[in-house]
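Just so it is clear: chains get the letters A, B, ... in the order the sequence lines come, proteins before strands, and each one is counted from 1.
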Amino acid sequence: MKRNVAIIGGGQTYHAARRHDVDQAEMVNEAVRAALKDARMTIDEIDLVILGNMEFFEGVHLTDCWLVHGSGAYGKQGVKITTGGTVGATAVCAGAHHVASGLFDKVLCIGFEKQEEGDTGAILSGVANPLWGRSMAGAAVGYFAMMGSSYIANWGATEEHSAMVAVKARQNARKNKYAHLKLDITIEDALNSRMLAWPIRMLDMCPASNGACAMILADEKTAKARSKKPVWIRAMETAHNEQFELDWRDVKTERLIFSKAAAGRLYRKLGVDDPAKYFDVFEIYEPATWAELIWYEDLGLCGPGEGFRLIEQGKTNIDGPIPVNPSGGVLSTNCIGASAMLRVWEAALQIRGDAGEHQVPKDVRRAMTTAYGGTNWTVMTALSKTLED
Amino acid sequence: MATKDKEWISIPMTVDVPYRFAAGGYMTKCLTELRDNGKIFAVECPKCKRVQLPPRVVCAECHVKNEKWVELPHEGTLMNFTIMYLPLTDPTTGKPHEPPFVYGSVRLDGATSVLDHMVEVEPDMDKVWVGMRCRLVLRPKEERIGDLSDIRYIEPLPGQKKPQTKSR
């Protein structure tokens with residue numbers, strides 16, 4: 001990057017199914033205040049505000065304008081980001097590019113969603129092509145169910161494996177005070193939960209959450225002067241997929257699809273040979289259990305068809321050798337516009353050693369995050385504790 | 001956080017928005033062939049030879065114009081599926097599909113792409129599987145309107161049994 005960029009502060013709301021006590025601006029302001037407090041800054045010091053959500057979920061467009069008091073953007077430079085489930089990570093990515101370019105020194109990035117205000121499932125039908133396949137659009141569950149059926153048929157995994165992912169996420173979430181679904185569940189509970197779309201059961205899917213996250217990014221000089229624990233953004237990657245193709249739902253695809261293309265480029269930038277060893281923790285975007293298993297494979301944490309063995313062997317547990325989503329992940333908290341930023345912020349907390357009860361019990365110097373959204377595209381971010389890591 | 005002893009006002013609202021989407025050059029040809037002749041037309045990339053359905057003007061991978069039209073057979077292989085237990089609303093009609101129902105992705109023989117559609121089969125794990133051979137069933141010509149719904153559903157080819165595999 002042209003200039004080094006650090007995360008010098010961040011904050012999040014408590015995430016919940018109901019937040020009738022706040023409107024969108026009030027909810028966003030909770031996260032903004034938490035981030036400013038964490039960075040020991042005032043809003044006057046911020047040069048640029050980047051706000052993101054999927055505004056069609058709430059049906060209120062131009063949120064950068066409507067929430068200007070809550071975001072702190074009044075009179076400042078700013079842009080709005082709307083990129084599906086990746087929104088929050090895209091906001092961080094855009095913010096980091098603005099700092100790296102040398103044009104801005106202190107950037108506030110915000111992601112939020114108030115899912116209770118709209119009908120997310122119905123609105124998601126608008127993501128499908130209007131002329132080709134929209135009659136069956138209407139929820140993400142069907143897409144992930146087809147992914148699951150492909151995974152089971154091709155790799156020989158069973159529903160027990162997805163249940164293990166469901167349990168890991170919610171047990172980790174119990175350690176995260178901000179998480180939405182803090183469920184003390186067992187494999188049996190997951191396997192006995194209501195079937196939504198074979199092989200996806202209720203506990204295989206993410207919840208609909210309300211919440212916000214905010215992060216403050218700064219250039220190296222500011223970061224070193226202002227922050228005791230800056231976390232460095234070392235690399236970012238994005239990639240789009242082709243539409244109308246099977247791709248992510250075909251576990252045996254040999255195409256260089258979005259997930260593998262972005263990971264490959266990011267690893268080349270950093271000189272990563274073995275991501276499972278290089279990174280100390282991963283925060284990935286898994287709206288459904290099967291997506292987590294496929295992420296393991298696409299990120300190269302194991303070979304193709306071996307993702308379910310990783311979860312079976314407990315390798316991605318919070319205290320395992322390759323911890324994945326110690327925060328509880330998207331399966332436990334999905335406030336869509338904030339979800340991908342939460343991956344980056346949670347990874348930063350792990351590097352700072354500030355994750356609290358869900359801190360990974362080892363030295364965390366490097367972390368990797370993924371985002372997922374739209375009709376298959378991703379934003380990936382690699383973080384480190386020092387510029388030497 | 002909200003507390004039970006305090007009142008919070010929230011106001012319900014329904015917004016009904018009509019749209020009209022242009023099919024454009026490639027999709028119009030595809031849909032008129034389907035409507036008038038009951039044929040499925042895809043395009044083949046001159047460079048990578050991938051046979052793309054629905055047909056589109058440019059190959060996303062090679063960035064070259066797709067100009068060769070290829071007629072596809074109505075038979076193919078089920079690549080994945082789900083048995084849906086939720087009453088999903090059909091956004092094109094506003095009415096729910098009655099659960100449980102089966103839908104999945106069929107790869108027509110010779111195509112690179114898949115077509116997602118309803119599978120006309122009992123919602124029973126012994127009656128549907130990945131790899132199942134199937135065919136398209138179209139509406140009778142007089143009922144076709146030049147829309148993907150001119151394909152009523154995918155149905156299994158007769159005489160097949162679910163193979164005993166490593167999957168459940």
Side-chain angles (χ1 to χ4, degrees), chain A residues 13-14 16 18-23 59 116-119 121-122 124-126 128-139 141-159 194-200 240-247 249-251 255-256, chain B residues 1-3 6 8-10 13 15 19-24 27 30-31 50 52-54 56 59-61 79-86 88-93 96-97 99-105 107 112-118 123 125 128-131 147-149 165-168:
Chain A
T13 61
Y14 289 91
R18 289 285 170 268
R19 284 303 307 270
H20 284 184
D21 57 319
V22 285
D23 72 359
E116 67 183 350
E117 297 192 349
D119 182 340
L124 274 172
S125 68
N129 184 283
L131 303 180
W132 202 265
R134 187 173 278 193
S135 70
M136 279 160 309
V141 61
Y143 180 91
F144 290 111
M146 290 195 271
M147 177 189 260
S149 73
S150 172
Y151 198 98
I152 288 173
N154 285 292
W155 297 143
T158 66
E159 286 187 63
R194 185 160 75 101
M195 185 66 86
L196 304 180
W198 189 89
I200 301 256
H240 281 86
N241 227 34
E242 186 178 10
Q243 302 305 299
F244 308 114
E245 299 299 325
L246 201 54
D247 289 350
R249 294 172 297 163
D250 175 9
V251 297
R255 293 186 81 193
L256 192 60
Chain B
M1 302 291 282
T3 49
K6 198 163 183 306
W8 303 104
I9 290 176
S10 65
M13 206 175 288
V15 182
Y19 293 93
R20 173 172 284 273
F21 297 103
M27 191 73 95
C30 177
L31 293 175
R50 289 186 309 130
Q52 300 162 30
L53 182 75
R56 47 256 197 194
C59 173
E61 213 169 281
M79 302 302 291
N80 62 40
F81 68 93
T82 185
I83 302 176
M84 178 58 75
Y85 293 90
L86 298 173
L88 284 194
T89 301
D90 181 340
T92 63
T93 63
H97 299 295
F101 59 91
V102 181
Y103 69 101
S105 308
R107 178 171 280 154
T112 317
S113 315
V114 292
L115 171 66
D116 288 4
H117 220 304
M118 291 290 176
M125 289 301 294
V128 55
W129 62 93
V130 171
D147 178 289
L148 196 59
S149 68
T165 61
K166 59 191 172 180
S167 66
R168 46 166 287 167

Discussion item. Please classify the contact between A:Q243 and chain B as side chain, backbone, both or neither, with a heavy-atom cut-off of under 4.5 Å.
Written reply: backbone

Worksheet item: A:R194: what forms a side chain to side chain contact (heavy atoms under 4.5 Å, CB included) with it, not counting sequence neighbours?
Response: A:L196, A:M202, B:L86

Worksheet item: Of all heavy-atom pairs between B:L148 and A:G133, which one has the smallest distance, and what is that distance?
Response: CD2-N, 3.3 Å

Discussion item. Which heavy atom of B:G104 sits nearest to which heavy atom of A:M146, and what is that distance?
Written reply: CA-SD, 3.8 Å

Practice prompt. With sequence neighbours excluded, tell me which residues meet salt bridge (charged side-chain N to carboxylate O under 4.0 Å, His left out) with B:R56.
Written response: A:E242, A:E245

Item to complete: State, with a plain yes or no, whether a side-chain heavy atom of A:R18 is found less than 4.5 Å away from one of B:W8.
Response: no

Worksheet, complete the sentence: The interface call for B:S10 against chain A, heavy-atom contacts under 4.5 Å, is side chain

Worksheet item: Quick one: OG1 on B:T92 to CE on A:M136, what's the gap to the nearest 0.5 Å?
Response: 9.5 Å

Discussion item. Which one wins on heavy-atom pair count under 4.5 Å against chain B: A:P199, A:A197, A:S150?
Written reply: A:A197

Worksheet item: Side chain, backbone, both or neither: which part of B:M13 has a non-hydrogen atom closer than 4.5 Å to chain A?
Response: neither

Discussion item. Looking at every non-hydrogen atom in both residues, tell me the closest pair between A:S125 and B:P91 and how far apart they are.
Written reply: CB-CG, 3.3 Å

Response to the item:
Ranked by heavy-atom pairs below 4.5 Å to chain A, first place among B:D147, B:V114, B:V130 goes to B:V114

Practice prompt. Taking all non-hydrogen atoms of both residues into account, name the closest pair between B:M27 and A:N129 and its distance.
Written response: CE-OD1, 4.3 Å

Worksheet item: In Å and rounded to the nearest 0.5 Å, what is the CD1 to NE2 distance from B:I9 to A:H20?
Response: 12.0 Å

Worksheet entry | Pair A:W198 + B:F81: ring centers closer than 6.0 Å | yes

Fill in: Closest contact, heavy atoms only, A:G142 versus B:M84
CA-CE, 3.9 Å

Worksheet item: Side-chain contact, heavy-atom cut-off 4.5 Å: B:L53 with A:W132?
Response: yes

Fill in: Pairwise distance OG(A:S135) to NE2(B:H97) - rounded to 0.5 angstrom
5.0 Å

Worksheet item: Where is the tightest heavy-atom contact between A:L246 and B:M79, given as atom of each residue plus distance?
Response: CD2-CB, 3.6 Å

Item to complete: For chain B, find which of A:S149, A:A145, A:G59, A:G126 contributes the most heavy-atom pairs closer than 4.5 angstrom.
Response: A:S149

